Number of protein chains: 2
Amino acid sequence: MAKGASTDECARPSLVVAALGAPVTFSRNSEIFGDDELAEHVYVVLSGVVRVCKLMGDGRRQIEAFCLPGDAFGWETGDRYRFSAEAVNECRVARVKRSVLFARAGSNPELACALWALSFAELQRAQDHLLLLGRKTAQERVGTFLLDLARRSAAATGASLTEVQLPMSRQDIADFLGLTIETVSRTLTCLEEQATISLPSSRRVLLRDRSALRRLDS
Amino acid sequence: MAKGASTDECARPSLVVAALGAPVTFSRNSEIFGDDELAEHVYVVLSGVVRVCKLMGDGRRQIEAFCLPGDAFGWETGDRYRFSAEAVNECRVARVKRSVLFARAGSNPELACALWALSFAELQRAQDHLLLLGRKTAQERVGTFLLDLARRSAAATGASLTEVQLPMSRQDIADFLGLTIETVSRTLTCLEEQATISLPSSRRVLLRDRSALRRLDS
DNA sequence: CGACAACTTGACCATTATCAAGCAAGGTGG
DNA sequence: CCACCTTGCTTGATAATGGTCAAGTTGTCG
């Protein structure tokens, strides 16, 4: 306990930011903000899961991130959002006015530090995701996804590390991993046949062989 | 000219940061820093091109970004780099001590603002790249790449918008676009046959039909 | 119980990867 | 100055991963 706060000079960055905003709830599949809308707010997930995505003219979709409790989304440099955000399931988010946030950050070093921490977390996730989309096989993508979701769910809500709830549909997973829904389904089946995971139901996954999964993770 | 500085409340963020560092030069293909090394510096490109990349155990490589003059790289939240950086060609970079940078940013709002601008620019490029890697075809990837490089080269060095110099090898392009070297080569040949581009030499590209390229860009 | 959405599975296909030559440009040493 | 080698690029033939199209199955909600 000696120097307990050493890892978080900016203790719980998401809380620092969320404290400045008002909680809002969104129902499954409802839009939190749309591509090209005026970017007036930054958001922090309180409960539930949010997907942040880009759409191409012909309907192809790339989900850039699933945001779990504690994650922030809606950062922009310009004055408009460059992607849309939707509730994957029923969820609560803290909505913080950008103007308020930046005004306060100027005079509040703890807040400024929290903003850094949150936006960098997003950058790092994006960078890891580039490697996945550019160079990993379907099996590696799914394996990485499951491990990551398990780790982050555990961190955010204290869920088990070996049992993952999938709040999102197969289509969402496919659009996140740069695959099709069929390939995601087949890959999960294949991992189950290899006894790497088991699927007690389509939205619950047990990680049976974590070392096999970690091997897929690279 | 009236309100000339409106777009850059933090005028030329890269210059503000670069001013704090010392210029260093690197020769073609030399390493600027390696994955997992202690992250003591942040860098700004002054001239030349830098590639920032991740490697997998079996040698697969993903280039996360090509950094042109004015771009910054080497941001980290933790104390170690999570990727490596190498000189694509002879290049000069400003090397800034992280400790100095962050100490000064605390008391210098212009600098703090410049840091935001630079790191967000990186985040946005990463996010656009996710869509490319996850959902675009080979032809779309190459088209997007050429347009982007032309635009950024023009912005950084005043180069022409219709003639692109490729400072990087086909292998670098492939590892950036999530393709193989052969597919990049074939795709360029194919675009030339369609009269969308021409290739006076392997490292020079003329953008003949920008609207066709923009259609590929989505 | 019926209807609908979400998921799985199968058969076939296409894009891109792999493997293997061949070619062009640039540098070096005789 | 030229033969030789190296490196980087292109092209071709073939293979494989993942995509597409089409049925089925499961599960949920009225």
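Proteins come first, then strands; the chains are lettered A, B, ... in the order of their sequence lines, and each starts at number 1. Values in this document were obtained by computation on a predicted structure and should not be read as measured data.
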All N/O donor-acceptor pairs, side-chain side in residues 34-47 of chain B, below 3.5 Å, sequence neighbours left out:
| from | atom 1 | to | atom 2 | distance (Å) |
| --- | --- | --- | --- | --- |
| B:D35 | OD1 | B:F83 | N | 3.3 |
| B:E37 | OE1 | B:G34 | N | 3.3 |
| B:E37 | OE2 | B:G34 | N | 3.3 |

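Considering every non-hydrogen atom in both B:L179 and A:R135, the closest pair reads O-NH2, 2.7 Å. Here the closest heavy-atom approach between residue A:L188 and residue A:I197 is recorded as O-CD1, 3.7 Å. Closest non-hydrogen pair, A:V88 versus A:P167, comes out as CG1-O, 3.4 Å.
Taking the side chain as every heavy atom from C-beta outward, B:M168 and B:I63 never approach each other to under 4.5 Å. Between A:D128 and B:R82, some side-chain heavy-atom pair lies under the 4.5 Å cut-off. No side-chain heavy atom of A:L213 sits under 4.5 Å from any side-chain heavy atom of A:D217.
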- Note on the structure: Expected string for nucleotides 3-19 of chain C under the B/S/- scheme (protein heavy atoms, under 4.0 Å, primed atoms plus P, OP1, OP2 as sugar-phosphate) is ---SSBBBB----SSBB
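A donor-acceptor pair under 3.5 Å is formed between the side chain of A:T137 and the backbone N or O of A:E140. Panel note: side chain A:Q62, backbone A:F176; a donor-acceptor pair is recorded below 3.5 Å. A donor-acceptor pair under 3.5 Å is absent between the side-chain atoms of B:R98 and the main chain of B:D79, judged by distance alone.
A parallel orientation is assigned to the rings of A:Y81 and A:F33, their planes being inclined by less than 30° (bins at 30° and 60°).
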Protein N or O to nucleotides 24-30 of chain D N or O, pairs below 3.5 Å:
none

- Note on the structure: Secondary structure of DNA chain C per the Watson-Crick/G-U criterion (both distances under 3.5 Å; [ ] crossing, | other strand, . unpaired) is ||||||||||||||||||||||||||||||
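Of the residues in residues 52-68 of chain B, not one comes within less than 4.0 Å of DNA chain C through any heavy atom.
Judged as a ring-ring contact (aromatic ring centres under 6.0 Å, His included), not a single pair has a partner in residues 178-208 of chain A (not counting sequence neighbours).
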